[in-house]
Number of protein chains: 2
Amino acid sequence: MLNERSLAISQECGDCPIRHKAVCARCETDELERLEEIKYYRKFEAGQTVIWSGDRMDFVGSVVSGIATLTQTMEDGRTQMVGLLLPSDFVGRPGRSSAAYDVVATTDLVMCCFRKAPFEDMMTRTPHIAERLLEMTLDELDAAREWMLVLGRKTAREKIASLLSIIARRDASLHLRRSDGPIVFDLPLTREAMADYLGLTLETVSRQISALRKDGVIALEGKRHVTIPDMERLLEEAGDDADGGMLA
Amino acid sequence: MLNERSLAISQECGDCPIRHKAVCARCETDELERLEEIKYYRKFEAGQTVIWSGDRMDFVGSVVSGIATLTQTMEDGRTQMVGLLLPSDFVGRPGRSSAAYDVVATTDLVMCCFRKAPFEDMMTRTPHIAERLLEMTLDELDAAREWMLVLGRKTAREKIASLLSIIARRDASLHLRRSDGPIVFDLPLTREAMADYLGLTLETVSRQISALRKDGVIALEGKRHVTIPDMERLLEEAGDDADGGMLA
DNA sequence: TTTCATTCTTGATCTGGGTCAATGCCACGC
DNA sequence: GCGTGGCATTGACCCAGATCAAGAATGAAA
């Protein structure tokens with residue numbers, strides 16, 4: 001594995017979700033300017049580790065493009081993914097100095113980062129930021145608890161359907177797609193990563209995906225390209241009540 | 001079931017964790033006074049529902065004494081507990097108007113509450129409060145993610161040991177016990193509630209508790225009174241690395 | 001003290017998903 | 001063209017935990 005500290009830092013990305021979505025929606029212009037001054041970009045290749053659990057973490061940031069995962073590992077190697085980071089998701093916690101989980105780029109990844117100290121300074125000067133962070137953290141907490149239901153009580157087939165519906169939803173909101181008509185996207189995860197997210201083995205993931213395909217719930221082109229002809233049907237398979245249910 | 005709105009509201013509880021731990025540790029005296037003015041108490045009997053998922057929730061608060069659970073239920077009745085509320089834990093989210101989960105008192109319960117509107121007013125006036133809430137929410141998020149590992153990857157025996165070690169730890173910190181020597185406490189949950197927390201059936205919970213007793217990892221007096229002769233041993237059984245691991 | 005209702009325990013059996021193993025399918029570099 | 005290595009699929013078998021079923025504690029009410 002490449003050394004995760006050998007990172008390109010660049011300035012050219014113009015689409016910073018921190019600025020637009022995560023933190024500054026309601027800040028005054030001069031605070032926005034200050035944010036611009038302290039921000040920088042980090043790029044990772046697919047497979048690279050962004051940070052190891054327990055490592056000192058001196059930045060916070062958000063995903064600009066690509067996908068990263070948050071995972072926990074037991075001593076004997078069993079691993080559980082505890083979060084999926086898609087563009088606009090925030091990483092890192094103000095007030096904590098070390099990472100609680102392994103963060104791994106599963107695709108090529110660009111993050112917009114701020115060194116923690118100046119970011120925290122700004123947080124104390126700008127109450128909106130703390131409030132916005134609280135809101136985002138509450139969303140993450142809800143997503144984690146929703147996932148506890150998936151892990152604790154759903155069957156393998158329901159787990160797969162739940163994961164597909166979450167990815168489909170996030171992907172749709174990312175690309176501002178219409179919600180009717182078939183949904184098409186590329187799976188950003190290997191079968192093994194899906195298994196780690198769902199508390200299954202990769203064989204079971206493969207079998208259940210094949211079963212869903214055979215039953216016409218999804219269509220597959222190659223191993224990763226997925227078409228969902230009927231989202232309602234998928235949500236039924238996931239065991240969600242059609243309207244409420246899965247978030248983020 | 002009793003109507004959860006027929007509640008005693010009283011003023012006599014002198015040990016309010018909101019004041020001491022949850023919110024006001026660093027606030028100025030006059031804000032403390034204002035908090036005192038808007039707070040009130042609600043009492044529930046064991047088995048009463050504090051609030052139903054989806055109900056309008058016009059208060060926030062924290063547990064003074066007793067235990068409550070946060071649960072999610074699927075249409076077909078499968079339920080998953082997503083949180084265990086012990087004294088000093090916070091309930092409710094500023095900025096959200098309805099409850100996301102069922103909150104049920106599993107023992108007699110006293111909560112210290114604030115109507116949401118004045119509480120939020122005070123939050124905007126007192127940045128410390130938003131920061132403290134962010135910190136607490138991050139702790140809850142870590143606990144939820146830790147629990148995802150339990151649900152997704154641990155065996156039934158490890159799940160039981162994990163739950164017992166969490167309860168033991170919380171109970172110890174509540175009563176300021178020494179950490180060496182045998183730990184003694186009463187299980188605040190039925191076998192069924194434990195099963196709902198662990199993603200198991202109540203039969204499996206019962207069997208695994210019997211097995212842990214037979215193996216000398218725990219001792220039982222009656223159905224609920226637990227003695228843990230060796231905490232290290234229990235943590236091993238839980239699959240945690242002895243030092244780090246389980247939080248809160 | 002005798003109901004009666006909970007809650008818990010234990011046994012017998014079944015099954016969903018894990019485990020182990022073989023094979024297929026690309027996309028690479030050569 | 002032809003290895004080679006990293007996913008992915010599929011099959012055969014097994015086992016941890018679910019399910020079904022029968023009691024046993026406990027304790028409150030009568």
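Computed from a predicted model, the values in this text were never measured in an experiment. Quick note on labels: first sequence line is chain A, next is B, and so on, each numbered from 1. Values reported hereafter were calculated over all heavy atoms of this structure, with side chains retained and with hydrogens, waters and symmetry mates removed.
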Roughly how many Å is it from [atom1] in [X] to [atom2] in [N], rounded to a whole number?
| X | N | atom1 | atom2 | value |
| --- | --- | --- | --- | --- |
| Met194(B) | dC8(C) | CE | P | 9 Å |
| His225(A) | dC26(C) | NE2 | P | 15 Å |
| Ile160(B) | dC8(C) | CD1 | P | 12 Å |

Rounded distance (nearest 0.5 Å) linking atom NZ of Lys223(B) with atom CD1 of Ile209(B): 11.0 Å
Pair Asp215(A) + Arg233(A), salt bridge at N-O below 4.0 Å: no
Bend angle of the helix from dT1(C)-dA30(D) to dC30(C)-dG1(D), end axes from five pairs each (to 10°): 30°
Contact list for DNA chain C against residues 214-222 of chain A - heavy-atom distance below 4.0 Å: none
Nucleic acid contacts - residues 196-212 of chain A versus DNA chain C, non-hydrogen atoms under 4.0 Å: Gly199(A), Leu200(A), Thr201(A), Glu203(A), Thr204(A), Arg207(A)
Quick check: closest heavy atoms across [X] and [Y], and the distance to 0.1 Å?
| X | Y | value |
| --- | --- | --- |
| Leu189(B) | Leu84(B) | CD2-CD1, 4.0 Å |
| Pro229(B) | Val217(B) | CD-O, 3.4 Å |
| Ala144(B) | Leu141(A) | CB-CD1, 4.1 Å |

Set of residues satisfying side chain to side chain donor-acceptor pair (under 3.5 Å) with respect to Ser206(B), sequence neighbours excluded: none
Face-on cation placement of Arg224(A) at Phe185(A) ring, 6.0 Å and 45° thresholds: no
Glu237(A)/Lys154(A) under salt bridge (Lys or Arg N to Asp or Glu O under 4.0 Å): CA gap, chis, key distance, verdict: CA-CA 10 Å; Glu237(A) 292 285 351; Lys154(A) 291 194 175 179; over 6 Å; no
Full working for salt bridge (Lys or Arg N to Asp or Glu O under 4.0 Å) between Glu140(B) and Arg145(B): CA-CA 9 Å; Glu140(B) 278 189 87; Arg145(B) 286 175 165 165; over 6 Å; no
Touch class at under 4.0 angstrom, heavy-atom based, for Arg224(B) against every strand present: sugar-phosphate
Side chain proximity check, Ile166(A) to Arg169(A), heavy atoms < 4.5 angstrom: no
Pairs where residues 193-206 of chain A contributes a residue and the test salt bridge (Lys or Arg N to Asp or Glu O under 4.0 Å) is met, not counting sequence neighbours: Asp196(A)-Arg153(B)
Most 5' of Thr155(A) and Lys223(A) on DNA chain C, judged by nearest nucleotide: Thr155(A)
Where chain A begins and ends its contact with DNA chain D, read 5' to 3' at 4.0 Å from heavy atoms: dA8(D) to dA12(D)
